[in-house]
Amino acid sequence: MTDPQIVLTERVQQALANVFGSEYADADPLIRPSQFADFQANVAMSLGKRLRKAPREVAEAIAGELSDFPGTVEVSGPGFLNIKLDDSWIAEEASKLLQDPRAGVGVTTPPQTVVVDYSAPNAAKEMHVGHLRTTIVGDAMARTLEHLGNRVIRQNHLGDWGTPFGMLIEHLLDIGEDAAVAQLEAGMGTEFYQAARQKFEGEETFKTRARTRVTKLQSGDPDTLRLWHVFMDATVRYFNKIYAMLGVTLTDDDIAGESMYNPMLEKTCDDLAAMGVAVMSEGALCVFPPGFTTSDDKPLPLMIRKSDGGYGYASTDMAAIRYRVDDLKSDRILYVVGADQALHFQMVFASAQLAGWLPDTVSAEHVQIGMMLGKDGRRFKTRSGESIKLTDLLEEAIERATAAIDERGYDDVTKADIAHAVGMGAVKYADLSVSHDSAYVFDFDRMLGFTGNTGPYMQYATARIRSIFRKGEVEAAAVRGPIKVREEVERALALHLLGFGEVVEQVGALVEPHRLCAYLFEIASLFSTFYEQCPVLKEGVDAETRAYRLALCALTLRVLETGLDLLGVPVPERM
Ligand code: ARG
């Protein structure tokens with residue numbers, strides 16, 4: 001681990017143990033980046049109180065113990081420790097990092113089995129803009145956790161079952177299989193649903209047909225199941241079109257839709273009832289997890305079997321959590337789902353704990369996804385008020401990106417490639433760079449901007465370093481260093497590069513991809529200042545300087561490329 005903050009934490013803890021005894025070995029030294037030095041440690045302030053000593057005295061004792069430290073430690077003010085690392089240490093650590101293909105990112109030991117439940121659009125409706133965010137954030141988490149050495153199991157919990165499928169199948173028969181398939185593949189799921197719904201509400205005979213069809217579907221009638229498959233396969237082909245456009249790693253093997261749990265639902269309910277975890281209430285089977293109450297203070301039920309014997313969303317999630325713990329053997333389950341479902345998941349987790357299906361050793365986390373807003377601050381919609389079709393939205397991003405790079409003189413094929421990467425990169429990065437649970441304003445102009453913390457800026461910064469290597473006719477991957485730090489900006493860039501591994505680990509632990517965005521943005525900005533002030537290939541730059549600066553470029557490139565790849569943001573070769 002080369003992250004200076006971690007290295008310093010360990011050193012100061014060692015010093016604390018030496019001076020004050022081993023019981024202080026795991027006190028948090030509170031090391032933070034500082035404007036007066038590289039870092040500041042504030043531990044002496046709190047420790048002073050605990051030891052009944054003046055903080056300054058405590059700070060001096062710690063500083064005295066840090067004599068073999070690769071830098072300088074000064075006590076300032078009432079007892080702050082100002083820590084400045086030696087240039088040679090920074091250069092050495094950065095050089096080591098350049099030899100490391102993982103650029104300092106550790107491997108989780110032992111690896112965890114992590115289920116990531118994400119995307120999960122509903123087949124009876126169009127995949128809408130809200131699903132875009134869970135798809136993008138979930139995919140970044142799956143990539144990151146995998147890179148950290150974990151076994152990641154993607155679960156696409158499609159909404160592919162329920163009573164609407166009776167009317168959907170009957171409508172499919174009415175318009176003919178081929179026409180239906182064409183419509184669904186084109187992403188007209190909402191129109192399809194609305195047409196079915198209209199008949200269901202207006203025509204008695206259709207309503208009866210739809211109801212009979214539901215019963216047939218539930219009893220496993222082969223012909224009905226075949227029609228359900230026709231419907232679902234066409235719908236999934238549309239979802240796959242979106243995943244392919246976005247470069248999302250979900251495949252058909254990751255589909256674990258609601259229907260998959262059908263055979264388990266009866267036993268799920270029976271087992272919960274037999275344990276006494278679920279009880280009958282007004283004809284329905286319910287779990288009343290402690291601590292959940294209605295607005296008038298009555299116990300709040302999680303209904304797992306309706307009074308008509310039907311199962312719903314909660315039944316499926318109870319079966320799913322048991323399956324993920326027992327069969328998939330997960331250590332951790334991430335539910336990347338809209339924040340508006342927070343209560344549902346709290347109740348599912350609490351109920352599963354009651355049943356002993358979610359042991360303390362398994363962590364279930366609802367990764368809340370904030371709402372996507374329009375520029376007007378309301379739920380994102382078209383001007384006419386209906387929700388926006390996802391393929392249209394993504395195509396618009398690509399069109400706008402095409403316009404933005406139109407003047408740059410690329411041939412059509414190259415231009416199309418770049419525009420695709422920039423358009424999708426912009427949409428994805430915009431989603432990832434704000435914390436996942438905050439509401440977020442969808443704004444093409446901002447996300448496609450080439451300055452600021454945007455996808456295109458990050459892509460441009462990366463492509464620019466690649467072009468340095470092209471011009472210099474050097475293979476970036478073959479650069480071995482060493483890195484040296486002579487100028488202030490070189491030092492700042494190298495120091496910051498040392499923190500990459502720690503940031504990635506934090507993203508994995510805290511499910512906060514926006515931290516990685518902020519970090520990479522800082523790297524790109526530092527690089528940009530470095531490149532302005534420190535010529536690399538220019539005539540007159542001596543061979544030694546050129547070599548170590550190229551090495552610094554190579555490490556920066558590796559960090560940016562790896563980081564953007566973990567986020568799922570593509571980088572075009574040139575821009
Ligand atoms: N299909 C659901 C929706 O669109 C999301 C499913 C999330 N996953 C789960 N295990 N409930 O709201």
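Note that ligands are numbered from 1 as they come in the structure, with each ligand's atoms numbered from 1 the same way. Heavy-atom basis, side chains included; hydrogens, waters and symmetry copies ignored.
- Of the heavy atoms in Leu158, none comes closer than 4.0 Å to ligand 1.
- Ring-centre distance between Tyr457 and Phe450: not below the 6.0 Å cut-off.
- For the residue pair Tyr243 / Ser119, a side-chain donor-acceptor distance below 3.5 Å is found, with atom types taken as modelled.
- When only non-hydrogen protein atoms are considered, atom 1 (N) of ligand 1 lies nearest to Asn122 OD1, 2.7 Å.
- Aromatic ring centres of Phe231 and Phe165 lie closer together than 6.0 Å.
- Geometrically, ligand 1 and His344 share no nitrogen or oxygen pair separated by less than 3.5 Å.
- For the residue pair Arg305 and Ser315, no side-chain donor N or O sits within less than 3.5 Å of a side-chain acceptor on the partner.
- For atom 12 (O) of ligand 1, the closest heavy atom belonging to the protein is Gln341 NE2, 2.8 Å.
- Backbone and side-chain nitrogen or oxygen atoms of Tyr335 are examined, and none is located within less than 3.5 angstrom of a nitrogen or oxygen of ligand 1.
- When each atom of ligand 1 is checked for a heavy atom of Asp117 under 4.0 Å away, the hits are 7 (C), 8 (N), 9 (C), 10 (N).
- Any N or O atom pair closer than 3.5 Å counts here, and Arg324 shares no such pair with ligand 1.
- Neither side chain, Gln112 nor Arg332, offers a donor N or O lying under 3.5 Å from an acceptor on the other.
- Annotation for ligand 1: atoms under 4.0 Å from non-hydrogen atoms of His131 are 3 (C), 4 (O).
- Side-chain atoms of Asp437 and Ser435 form a donor-acceptor pair, as typed in the model, at a separation below 3.5 Å.
- Taking the six-membered ring for Trp and the full ring otherwise, the centers of Phe444 and Phe442 sit less than 6.0 Å from each other.
- Residues Asn156 and Tyr118 bring no donor and acceptor atom of their side chains to less than 3.5 Å of each other.
- Each of the atoms 2 (C), 5 (C), 6 (C), 7 (C), 9 (C), 11 (N) of ligand 1 lies under 4.0 Å from some heavy atom of Tyr313.
- Judged by the shortest distance from any of its heavy atoms, Glu258 lies outside the 4.0 Å radius around the atoms of ligand 1.
- Using a 4.0 Å cut-off between heavy atoms, Phe345 contacts ligand 1 through its side chain alone, with no backbone atom that close.
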